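One structure is given below, encoded as structure tokens.
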Amino acid sequence: QVQLVESGGGLVQPGGSLRFSCVASGSIVSIYVMGWYRQAPGKERELVAAITSVGSTNYADSLKGRFTISRENAKNTVYLQMNSLKPEDTAVYYCKVSTIIPPRDYWGQGTQVTVSS
């Protein structure tokens with residue numbers, strides 16, 4: 001079983017920054033994609049950013065330019081730098097890892113981010 005350990009998040013003021021990290025451990029053979037999703041109250045879970053094993057990235061259109069995703073493959077770690085945070089960024093953020101062998105998805109437990117004055 002693969003376990004994801006998330007760190008970061010918390011309460012910040014508008015315009016502030018946060019940095020998330022997610023470390024995957026356990027029975028990992030090959031990771032294809034690592035990324036971040038978020039879910040605000042009353043809304044569906046949505047993609048924030050994702051990065052493949054070869055470094056290609058994908059961002060939500062509304063977040064591109066403020067958020068930056070990166071990874072260290074050797075450490076099975078993914079990072080999310082969040083700048084210029086807005087109240088609408090308030091949500092629970094989840095780390096997600098997709099493996100090739102076995103082919104499945106793994107989710108972190110989620111971390112609350114609250115952006116408020």
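Keep in mind it's a predicted model, so treat the numbers as computed, not measured.
In the hydrophobic cluster analysis, where Ile, Leu, Val, Met, Phe, Trp and Tyr join through side-chain heavy atoms closer than 4.5 angstrom, Leu47 is grouped apart from Val97. Using a 4.5 Å cut-off between side-chain heavy atoms of Ile, Leu, Val, Met, Phe, Trp and Tyr, with links allowed through other members, Val5 and Val2 fall into different hydrophobic clusters. No single ILVMFWY cluster, assembled from side-chain heavy atoms under 4.5 Å apart, contains both Leu4 and Tyr37.
Judged as a disulfide bond (SG atoms under 2.5 Å apart), the pairs with a partner in residues 56-117 (not counting sequence neighbours) are, in order, Cys22-Cys95. Under the disulfide bond (SG atoms under 2.5 Å apart) criterion, no residue pair touches residues 36-80, with sequence neighbours excluded. Within the structure, every pair that satisfies the side chain to side chain donor-acceptor pair (under 3.5 Å) test and touches residues 100-110, not counting sequence neighbours, is listed here: Ser98-Asp105. Listed by first and then second residue, the disulfide bond (SG atoms under 2.5 Å apart) pairs involving residues 30-87 amount to none (not counting sequence neighbours).
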Quiz item: Can you list the steps and then say if Val92 with Val113 is a side chain to side chain contact (heavy atoms under 4.5 Å, CB included)?
Solution: CA-CA 6 Å; Val92 177; Val113 171; over 6 Å; no
Quiz item: side chain to side chain contact (heavy atoms under 4.5 Å, CB included) between Leu85 and Leu18: does it pass, once the steps are laid out?
Solution: CA-CA 8 Å; Leu85 287 164; Leu18 289 171; 3.9 Å; yes
Practice problem: Assess whether side chain to side chain contact (heavy atoms under 4.5 Å, CB included) is satisfied between Ser117 and Gln13, documenting all intermediate values. | Solution: CA-CA 5 Å; Ser117 299; Gln13 294 184 339; 5.7 Å; no
Quiz item: What's the verdict on side chain to side chain contact (heavy atoms under 4.5 Å, CB included) for Val78 and Phe20, showing C-alpha distance, side-chain angles and the deciding distance?
Solution: CA-CA 8 Å; Val78 62; Phe20 281 178; over 6 Å; no
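Taking the side chain to side chain contact (heavy atoms under 4.5 Å, CB included) definition, one finds that Asn73 meets it with Arg71, sequence neighbours left out. Remark: Arg38 pairs with Glu46, Asp89, Tyr93 by the side chain to side chain donor-acceptor pair (under 3.5 Å) rule, at least two apart or across chains. Residues satisfying the salt bridge (charged side-chain N to carboxylate O under 4.0 Å, His left out) criterion with Lys86, sequence neighbours excluded, are absent altogether. Applying the side chain to side chain donor-acceptor pair (under 3.5 Å) rule to Ser56 yields the partners Thr52; only residues at least two apart in sequence or on another chain are considered. By the side chain to side chain contact (heavy atoms under 4.5 Å, CB included) test, Thr57 is found to be paired with Ile51, Tyr59, Ile69, residues two or more places apart in sequence or in another chain being considered. With sequence neighbours excluded, the residues satisfying side chain to side chain donor-acceptor pair (under 3.5 Å) with Tyr79 are Glu72. Every residue two or more places apart in sequence or in another chain that forms a side chain to side chain donor-acceptor pair (under 3.5 Å) with Thr114 is listed here: Gln112.
A donor-acceptor pair shorter than 3.5 Å can be found between the side chains of Glu6 and Thr111.
In this structure, OG in Ser21 is found 11.0 Å from NZ in Lys75, a value given to the nearest 0.5 Å. Note that CG of Leu63 and CG of Leu80 are 9.0 Å apart. Values are rounded to the nearest 0.5 Å. To the nearest 0.5 Å, atom OG1 of residue Thr68 and atom CE of residue Met82 are 11.0 Å apart.
The environment of Glu88 atom CD is dense: over 12 non-hydrogen atoms of other residues, nucleotides or ligands sit within 6.0 angstrom.
If you look at Tyr94 and Trp36, their ring centroids are not closer than 6.0 Å.
Val54 belongs to no multi-residue hydrophobic cluster, having no ILVMFWY side-chain contact under 4.5 Å with any other such residue.
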